[in-house]
Amino acid sequence: MADYNSPGKSTEGVQDDIGQSLGHGLEYDDAGNIISATRQGPNPYDAAQTFTESSVSVTHNGTVVSGGSIKFDSGAVGTTATRGADESTHSTSRSEGLKINPNASGLVGVEVTLSSNTGPVQDVFLLDSNENILDEKTAEYSGGDTVTLNADLQSGTNYYVGVYNDGADQTVGLDGSPNYPYTSSDIDITDGTYGLHPDDNTSDRVTSIAAYAISDVSSITPTTSGSATLEWPYPTDLYEWDIATFTRTLDSETVDVFVAYSTDGGSTWTRTNSGNPISRNYSLADDPNISADSWVRFEVELSRQDTSNNPTFDSAFLSWFV
């Protein structure tokens, strides 16, 4: 055992010796070099480094977890163009769908709804004007399903959305007497299509006058503000809260981080620090609003002016004394 009373040893030296021998640190009365209180060392803490940890609960508004960080989601649904109701159905092994044209700039995709009479379908796709696949979702789809297809879209440029069943037969809902264009402020449906999927072996890859398969096309606009809350269960054996800290990537934008506390077991929450964002290594122990019985959580707000920038919230940590 180390000699903790050795002459000339500093407080820090004694603490190092004890930590190595006993596996925990101590607090001291430095003036008298007298042990004053014990605590576990290093301090216990809750962490979110991927935001998929089983202990943390994350609530999103305009955000998602992607690549181990919290970031903006794929966008918000804007306006919807709806074609005429199905007049009939037909069975086909071709790809079929709609020709669309955005009116708004900066769209980041479309949300399409399959006609109630369409299915079964395995592929729902978005093509550029040269029939290159911009996005494609593969699953077992049927009438009424809504599918999000993401790509940066340019105003005044033609695109195609459609369905394909990998060459197998599918039933397609058909508006046999369309009245083009079907419009909205963000996006228009300008024609029906068939045979346009790159894997479709149809020889005549064309657009046609009938409207096929998809009943609604909605624009997706980029998210410019979003938020998330992070909560953990109240810690076991907590004597006093210690530190709240985090990491973030601004990318020339804003990621504000707040600490909120609850005194009623998590029913109501109040932001501390006068409602202002905290800095890294914020001292919960020195916060007059937070006591040992307080529940503590993070609240994060992301905003951006330039939608090509992607700020993220990358990790969060809460520590305490026992």
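Values reported hereafter were calculated over all heavy atoms of this structure, with side chains retained and with hydrogens, waters and symmetry mates removed.
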Exercise for the section: Could you walk me through whether W320 and D237 pass the side-chain contact (heavy atoms from CB on, under 4.5 Å) test, one step at a time? Expected result: CA-CA 9 Å; W320 61 89; D237 299 328; over 6 Å; no
Exercise for the section: Consider only side-chain heavy atoms of I, L, V, M, F, W and Y, link residues closer than 4.5 Å, and tell whether Y159 and I220 are in one cluster. Expected result: no
Handout entry: Main-chain N/O of T223 paired to R304 side chain as donor or acceptor, under 3.5 Å
Key = yes
Handout entry: Co-membership, hydrophobic cluster, residues L98 and V163, 4.5 Å side-chain
Key = yes
Practice task
Would you check if there is a donor-acceptor pair between the side chains of S319 and D242 at a distance under 3.5 Å?
Solution key: yes
Problem - Note, D152 side chain near V108 side chain (heavy atom, < 4.5 Å) - result: yes
Practice task
Check whether any side-chain heavy atom of K71 lies under 4.5 Å from a side-chain heavy atom of T63, and answer yes or no.
Solution key: no
Practice task
Drop me the distance from I214's CD1 to I189's CD1, to the nearest 0.5 angstrom.
Solution key: 8.5 Å
Exercise for the section: Please check if the side chain of S116 supplies one atom and the backbone of G143 the other of a donor-acceptor pair under 3.5 Å. Expected result: no
Exercise for the section: For residues D145 and V124, determine if any side-chain heavy atom of one lies less than 4.5 Å from a side-chain heavy atom of the other. Expected result: no
Problem - R280 side chain to F246 backbone, donor-acceptor under 3.5 Å - result: yes
Practice task
Have a look at H197 and tell me which of R94, E136, E131 forms a side-chain hydrogen bond (donor to acceptor under 3.5 Å, both in side chains) with it.
Solution key: E136
Practice task
State, to 0.1 Å, how close S93 and G167 come at their nearest heavy-atom pair, and which atoms those are.
Solution key: CB-O, 3.2 Å
Fill in the blank from the handout: Between V161 and the options T193, V112, L196, the side-chain contact (heavy atoms from CB on, under 4.5 Å) test singles out V112
Problem - Main-chain N/O of Q305 paired with E253 side-chain donor or acceptor, under 3.5 Å - result: yes
Handout entry: Intermediate values then yes/no, side-chain contact (heavy atoms from CB on, under 4.5 Å), E231 and W269
Key = CA-CA 11 Å; E231 296 182 47; W269 294 88; 3.6 Å; yes
Exercise for the section: Would you kindly say whether S308 and D306 are connected by a side-chain donor-acceptor distance under 3.5 Å? Expected result: yes
Practice task
Would you mind reporting whether L238 and V322 have side-chain heavy atoms less than 4.5 Å apart?
Solution key: no
Practice task
Please name the pair of heavy atoms, one in P311 and one in S303, separated by the smallest distance, quoted to 0.1 Å.
Solution key: CG-O, 4.1 Å
Exercise for the section: Would you kindly confirm whether L284 and V257 end up in one hydrophobic cluster when ILVMFWY residues are joined by side chain heavy atoms under 4.5 Å apart? Expected result: yes
Handout entry: Candidate list V77, D216, L149, V147, test side-chain contact (heavy atoms from CB on, under 4.5 Å), partner V110, passing option
Key = L149
Practice task
For the pair T221 (side chain) and A76 (backbone), establish whether a donor and an acceptor sit closer than 3.5 Å, ignoring hydrogens and angles.
Solution key: yes
Practice task
Quick one: do D200 and T202 satisfy side chain to side chain donor-acceptor pair (under 3.5 Å)? Show the steps, please.
Solution key: CA-CA 6 Å; D200 190 336; T202 303; 2.6 Å; yes
Practice task
Determine the interplanar angle of the Y234 and W295 rings, folded into 0 to 90°, and report it as parallel if under 30°, tilted if 30 to 60°, perpendicular if over 60°.
Solution key: parallel
Handout entry: Rounded distance [0.5 Å steps], OH in Y182 versus CG in D191
Key = 10.5 Å
Exercise for the section: Applying side-chain contact (heavy atoms from CB on, under 4.5 Å), run through F258 and N273 and close with a yes or a no. Expected result: CA-CA 8 Å; F258 304 85; N273 195 34; over 6 Å; no
Problem - Lys/Arg-Asp/Glu bridge criterion (N-O < 4.0 Å) met for D135, K137 - result: yes
Exercise for the section: Please report the closest heavy-atom contact between R83 and A213, naming both atoms and the distance. Expected result: NH2-N, 3.7 Å
Practice task
Identify the heavy atoms of N289 and S294 that sit nearest to each other, and give their distance.
Solution key: O-OG, 4.0 Å
Practice task
May I ask you to test the T263-D293 pair for a side-chain heavy-atom distance under 4.5 Å?
Solution key: no
Practice task
Could you grab the distance from atom CG of N309 to atom OG1 of T249, nearest 0.5 Å is fine?
Solution key: 12.0 Å
Problem - Option passing side-chain hydrogen bond (donor to acceptor under 3.5 Å, both in side chains) with N101 (candidates T183, T190, N158, D188) - result: N158
Practice task
Please round to the nearest 0.5 Å and tell me the distance separating atom OH of Y282 and atom CD1 of I243.
Solution key: 10.0 Å
Handout entry: Polar side chain donor-acceptor pair, D314 to T312, under 3.5 angstrom
Key = yes
Exercise for the section: Spell out, as yes or no, whether a donor-acceptor pair under 3.5 Å connects the side chain of S155 to the backbone of N103. Expected result: yes
Exercise for the section: Would you give the length of the straight line joining atom CG of L302 to atom CZ of R248, rounded to the nearest 0.5 angstrom? Expected result: 10.0 Å
Exercise for the section: State, yes or no, whether a side-chain contact exists between Y45 and W232 at a heavy-atom distance under 4.5 Å. Expected result: no
Problem - E301 backbone acceptor or donor facing S227 side chain under 3.5 Å - result: no
Problem - pair S177-E87: side-chain heavy atoms closer than 4.5 Å - result: yes
Handout entry: Plane angle bin for Y212 and Y194 - parallel if under 30°, tilted between 30 and 60°, otherwise perpendicular
Key = perpendicular
Practice task
Verify the distance criterion only: is there a donor paired with an acceptor across the side chains of S218 and T80 at less than 3.5 Å?
Solution key: yes
Completion exercise
Taking every heavy atom of N150 against every heavy atom of S74, the minimum-distance pair comes out as ND2-CB, 3.6 Å
Exercise for the section: Taking S219 for its side chain and T79 for its backbone only, find out whether a donor-acceptor pair lies under 3.5 Å. Expected result: yes
Problem - Between S315 and T247, a side-chain donor and acceptor under 3.5 Å - result: yes
Problem - Check: S115/D86 side-chain N/O donor and acceptor closer than 3.5 Å - result: yes
Handout entry: Which atom of R205 lies closest to which atom of G195, heavy atoms considered
Key = CG-O, 3.4 Å
Handout entry: pair T307-T224: side-chain heavy atoms closer than 4.5 Å
Key = yes
Practice task
May I ask whether V172 and L114 are part of the same hydrophobic cluster, defined by side-chain heavy atoms of I, L, V, M, F, W, Y residues being less than 4.5 angstrom apart, directly or through others?
Solution key: no
Handout entry: Between CG on residue D166 and OG1 on residue T138, distance to nearest 0.5 Å
Key = 7.0 Å
Exercise for the section: Check the pair T118, Y141 against side-chain contact (heavy atoms from CB on, under 4.5 Å), reporting the backbone distance first and the verdict last. Expected result: CA-CA 9 Å; T118 295; Y141 298 111; over 6 Å; no
Practice task
Scan side-chain atoms only and decide if T272 and D287 contain a donor-acceptor pair under the 3.5 Å cut-off.
Solution key: yes
Practice task
Decide whether Y180 and Y160 are clustered together by the hydrophobic rule: side chain heavy atoms of Ile, Leu, Val, Met, Phe, Trp, Tyr closer than 4.5 Å, transitively.
Solution key: no
